[in-house]
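A short worksheet on the structure shown next.
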Amino acid sequence: MTHVLAAGTNTDVVARETLYWILAILSASAALAMILVRRAVHCAMMLAVVMLCLATMYAMEGAPFLAFVQIIVYTGAVLMLFLFVIMLIGISSADSIVETIKGQRWASLLVSAGLFVILTFGIGHAAIGPGPKPNAANGTDNLTELARLIFTTYVFPFEVTGALLITAAVGAMVLAHRERISPKPTQRDLAARRLASGQLAPDPAPGVYALHDAADRPALLPDGSTSEISVSATLSPRDPNEVPTTVRPEIGTEPVTAASGEREAIPGRTDS
Amino acid sequence: MSPIHYVALSAFLFVVGGVGVLVRRNAIVMFMCIELMLNACNLAFVAFARLHGNLDGQVIAFFVMVVAAAEVVVGLAILMAIYRARRSASVDDANLLKY
Amino acid sequence: MTTLHTVAATGALKLSWLLLAFPLFGAAVLLLGGRRTDRWGHLLGVAMPLASFVYGVIAFFALLGDTDRSQDQHLYTFLQVGRLTVPAGIQIDQLSISFVLLITGVGSLIHIYSVGYMEHDSDRRRFFGYMNLFIAAMLLLVVSDNYLGLYVGWEGVGLASYLLIGFWQFKNSAAVAAKKAFVVNRVGDAGLTLAIFLMFSEFGTVSFTGVFGSVRAGGSGVATALGLLLLLGACGKSAQVPLQSWLLDAMEGPTPVSALIHAATMVTAGVYLLVRSNPILALAPDARLVVTIVGAVTLLWGAIIGCAKDDIKKALAGSTMSQIGYMHLGAGLGPAGYVFAIAHLLAHGFFKAGLFLGAGSVMHGMNDEVNMRRYGGLARVMPVTYVTFGLGYLAIIGIPPFSGFFTKDGIIEAAWDKGGTSGAILAACAILGAGITAFYMSRVMLMTWYGKRRWESDEPDAVAAGDHEAAATEHHQEFHPHESPNVMTWPMILLAVGSVAAGAFLVIGQRFEKFLGPVTGVPPTAHGLFTVPGVIALVLALAGVGLAWAMYGRVPVLAVAPRGRPLTVAARKDLYGDAFNESVLMRPGQWLTRLSVYFDNRGVDGLVNTLAAAVGGTSGRLRRLQTGFVRSYALSMFFGAAVLVVLLLVVRL
């Protein structure tokens, strides 16, 4: 990784400059796009682009560990978390363009522009320096040095952030927990509900055009004709246009148990 | 590249993220804009680390990432809880504290 | 010049605080004890002034037996603030002991009288409480050894006067009269207050010895200012012009109150103040001149008013105003007149109290009727009252050898002796006043005691037939005048003795001059008993009697007052004193009040309300910042952050 830190030759400088400008323009436009697109998913995508650009820049600036952490943790975990939440609650919600608060857009633009100018010129004014100093050539690489810093100088914030993470995890569990206020329906309850609703089988999956799903109904070919080979030879094919009208009355009213042969009461059904 | 370029980019990203927070109504998008602002700060820290020649800035950037991760976890959990209760992810709908 | 050499009290005079303690104790018990003390309250109320009188007599003889006739008993330090130290002490000297004897003596007699007069009043106990309070305050006024203690007593008698004038609280006229008396007195009190302030600022002390010792150093300007301010105070308390309007209204109170307070004692407090302050007045001839002018004007004013009043008490009140004018005239004449002013004061206390008690006795017998046009021919019906009243009448008009002759003559002589234009005018006023006094007092006598019995019913047949209803219609009330019981007649008899003998006792042989001289100074020229101005006054008095007889004795008294000439109408309206006060003082005062209220409502309230409205309006507008939208809050936070950054950079750069 140390070759990344090498400063010096002209080609490197030109390469770095070009790389910088490409990344800068890319990330700037991705950020602008992020605030301008309407759907939340597109927003997340744009943010991913920005994060990846930043990761590259970290690598350029001699922070390879941070670059990889950015990709793995930030883009890979945090952003995915965002996408999961969007999936759960926001997939189809699109912001309307109309701004409800009067003057909010103008005020935001004004303040932001002002802040940008101040930050750039203020900090830039103070930060004018001779340029990047070469790193201390003591033989240790970036990771080791970072580790040394974290576990000696910054060990206390490290421990505290550990506690913070634990707290955050527990807190998220508590917040997302749904309290069950009625008893969990058993399988029997679910089956009874299904029977009572009249729809015994689930709906066909999207893209299925079949009208019936019994095994002895032949499948339809694209031109509308039936296909005889779709029905098993042991069964006799039924008229594809036949629509069953009655259900035999004894279905569902006389369940017979194996042991006694007596009728067993079905919860939720009254005796006929 | 002199640090000022990175600082300028960082400032730009920060400001864009700020505008996004103020202008967007979807709570998740707002959150993502906040993440953008945090990232911009990280970039500035790394640039300054390079400027000073030590790794303190990178350590700080590291901690910022950790805290941002924790914050995202809790924040999104809250968002989900609010969404379940109010069926709306729009930030403008939580306006009961008006005069 | 007077030499006031005060020593510490010795012997019996060491207990001089008992003078104040007795009536104060009585007042406290009666007023705080409430209805529980109703059964024996009046007995305690009579006993306390009597006890003070007994002590007064003991103190008097103790004083006579001592060469040091001015003795001061220091009780405690009343207040000590900064440069000002005011003692609470009692000074017994010739002047104060004279007043003490008058107040407690005449006061006790009037208290005894009140037992009978107020017998049918359920609030009799409260009456005695207030009367004792008055006696205590008046005694404090005359025995205090400094101006502040005098002021405390001054205010105390004002309070007692208010309480007693308005004693019958259910009567609106009484309440109004009490308020009027208090307010007018307050105007005078302002003068006394300013005098005390001036004394403190100039001399650093308010005790008599201190002030009189340093007054010479102050100069005549300060002395004149003090004299005029003290005169203002005296005018208020003694009902002199221009503060005279309250005295006739004060007759709303029960008759013993009129007798004690508004005849014998409180109204004489002003004279006491002036005579006590004689070292100050000695250095202020201009102030003294003003005092004499006030006295002369008032004596004529009161006399003219008294001529036209049909209410017996108001006629006597006018007479009081006039006689006190005489005393002020005497007091303004300097050492020549002080002795006679006090002598006249003491004699006046006797005969005026006697006259008032007699009037009360008549009212008591005539169902509280005060209109003299309803009286007539009462001499045979109430003989004792008639005789005592008559003796008082002879005393007041100045017939020798009764009291008024000697004392009034002394004043007239002193005025005459003043010399110059002022002396002549003052003497002329005094003599004229004597004549008018004789006229109106004779009018009162004739209307009340002689002539046809106007109170008897015009329909004797109806009365005989038992038809009392027809007889007792509004204009023909049934009267059964009768003599008063002993508890009321004996005080009148004793006062009549004073009316007869007091003047002669004091003046003949310069007895009072020698007694009081060390305090006030003696008249420079000695008078004989019959002097030229005195004889002229006597002749004029007899002329007045004759005129009254011609108008009211020979001619039947009309039942309804006739319209009268302009002077009569003016006199009936108190010489437009009330009208003047109302138009010059009351109405502008009311306008000023309304103006202030207007300014308060619009200006002050407007200011406050505007402020409140401004705050409310501003907050109403400011609260619109609370839109409830998170994004607006975020905007303001963002803006705040930007400002912070700017500040940080500005500091750094």
Side-chain angles (χ1 to χ4, degrees), chain A residues 16-17 20 24 27-28 31-32 34-35 40 43-44 47 50-51 54 57-58 61-63 66 69 73-74 78 81-82 85-86 88-90 93 95 100 104-105 108-109 112 115-116 119-120 123-124 127 129 131-133 135-136 145-146 149-150 154 157 161 164-165 168-169 171-172 175-176, chain B residues 1-9 11-20 22-26 28-29 31-33 35-36 39 42-43 46-56 58-59 61-63 65-74 76-81 83-84 89 92:
Chain A
R16 285 165 74 81
E17 277 210 32
Y20 167 78
S27 54
L32 279 173
M34 191 179 130
I35 65 171
C43 230
L47 185 59
V50 172
M51 285 184 179
L54 287 183
M57 278 198 218
Y58 295 160
E61 282 293 292
L66 223 49
V69 167
V73 172
Y74 232 133
V78 172
L81 192 59
F82 267 112
V85 174
I86 291 172
L88 281 174
I89 65 180
S93 59
D95 271 353
T100 49
Q104 176 85 351
R105 280 200 187 151
S108 329
L109 282 172
S112 317
L115 192 58
F116 175 64
L119 282 174
T120 316
I123 297 177
K133 295 193 194 128
N135 280 323
E145 191 60 30
L146 264 179
L149 273 176
I150 287 177
Y154 296 99
T161 42
L164 175 68
L165 281 171
L175 280 167
Chain B
M1 295 306 297
S2 72
I4 182 123
H5 292 86
Y6 289 100
V7 168
L9 178 63
F12 182 77
L13 290 177
F14 182 83
V15 161
V16 167
V19 171
L22 295 174
V23 168
R24 298 302 297 256
R25 269 197 296 279
N26 194 336
I28 301 170
V29 175
F31 224 138
M32 286 197 278
C33 295
E35 287 307 310
L36 178 61
N39 274 289
N42 272 359
L43 178 63
V46 170
F48 284 130
R50 174 77 167 200
L51 172 68
H52 289 295
N54 55 25
L55 296 185
D56 286 315
Q58 292 185 23
V59 173
F62 176 74
F63 279 122
M65 272 187 219
V66 170
V67 171
E71 164 211 348
V72 164
V73 162
V74 176
L76 288 176
I78 292 174
L79 262 167
M80 292 228 326
Y83 182 79
R84 274 194 214 138
D92 277 351

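Residue numbering restarts at 1 for every chain, and letters A, B, ... go by the order of the sequence lines.
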Problem - Partner chain B: residue of A/Thr120, A/Leu115, A/Leu81, A/Leu109 with the largest heavy-atom pair count (under 4.5 Å) - result: A/Leu81
Practice task
Please lay out, stage by stage, how B/Phe14 and A/Phe116 fare under the test ring pair (Phe, Tyr, Trp, His ring centres under 6.0 Å).
Solution key: CA-CA 8 Å; B/Phe14 182 83; A/Phe116 175 64; over 10 Å; no
Handout entry: For B/Leu79, side-chain contact (heavy atoms from CB on, under 4.5 Å) partners two or more places apart
Key = B/Ala27, B/Ile28, B/Phe31, B/Leu76
Practice task
Return the minimal non-hydrogen interatomic distance between B/Val73 and A/Ala168, and the atom names on each side.
Solution key: CG1-O, 3.8 Å
Completion exercise
To the nearest 0.5 Å, atom CG of B/Asn39 lies from atom CE of A/Met57 at 11.0 Å
Fill in the blank from the handout: Rounded to the nearest 0.5 Å, the CD atom of B/Glu71 sits from the CG atom of A/Leu164 at a distance of 10.0 Å
Exercise for the section: Please flag which part of A/Phe82 lies under 4.5 Å from any non-hydrogen atom of chain B: side chain, backbone, both or neither. Expected result: both
Handout entry: Closest heavy-atom pair and its distance - B/Val46, A/Ala63
Key = CG1-CB, 4.2 Å
Handout entry: Nearest atoms (heavy-atom pairs only) where A/Ser108 meets B/Val19
Key = O-CG2, 4.1 Å
Handout entry: Short side-chain donor-acceptor distance under 3.5 Å, B/Asn42 and A/Tyr74
Key = no
Handout entry: side chain to side chain contact (heavy atoms under 4.5 Å, CB included) assessment of B/Phe62 paired with A/Ile150
Key = CA-CA 9 Å; B/Phe62 176 74; A/Ile150 287 177; 3.6 Å; yes
Completion exercise
Heavy atoms of A/Cys43 and B/Arg24 approach each other most closely as SG-NH1, 4.2 Å
Exercise for the section: Search all heavy atoms of A/Leu165 against all heavy atoms of B/Ala70 and return the closest pair with its distance. Expected result: CD2-CB, 3.8 Å
Handout entry: B/Gln58 CD to A/Leu149 CG distance, which is reported to the nearest 0.5 Å
Key = 9.0 Å
Problem - chain B contact via A/Leu47 - side chain, backbone, both or neither, heavy atoms under 4.5 Å - result: side chain
Practice task
Answer yes or no: is there a donor N or O on one side and an acceptor on the other, between the side chain of A/Tyr154 and the main chain of B/Phe63, under 3.5 Å?
Solution key: no
Handout entry: Euclidean distance, B/Met80 CE relative to A/Leu88 CG, rounded to 0.5 Å
Key = 5.0 Å
Problem - For the student: nearest non-hydrogen atoms of A/Leu54 and B/Leu13, plus distance - result: CD2-CD1, 4.0 Å
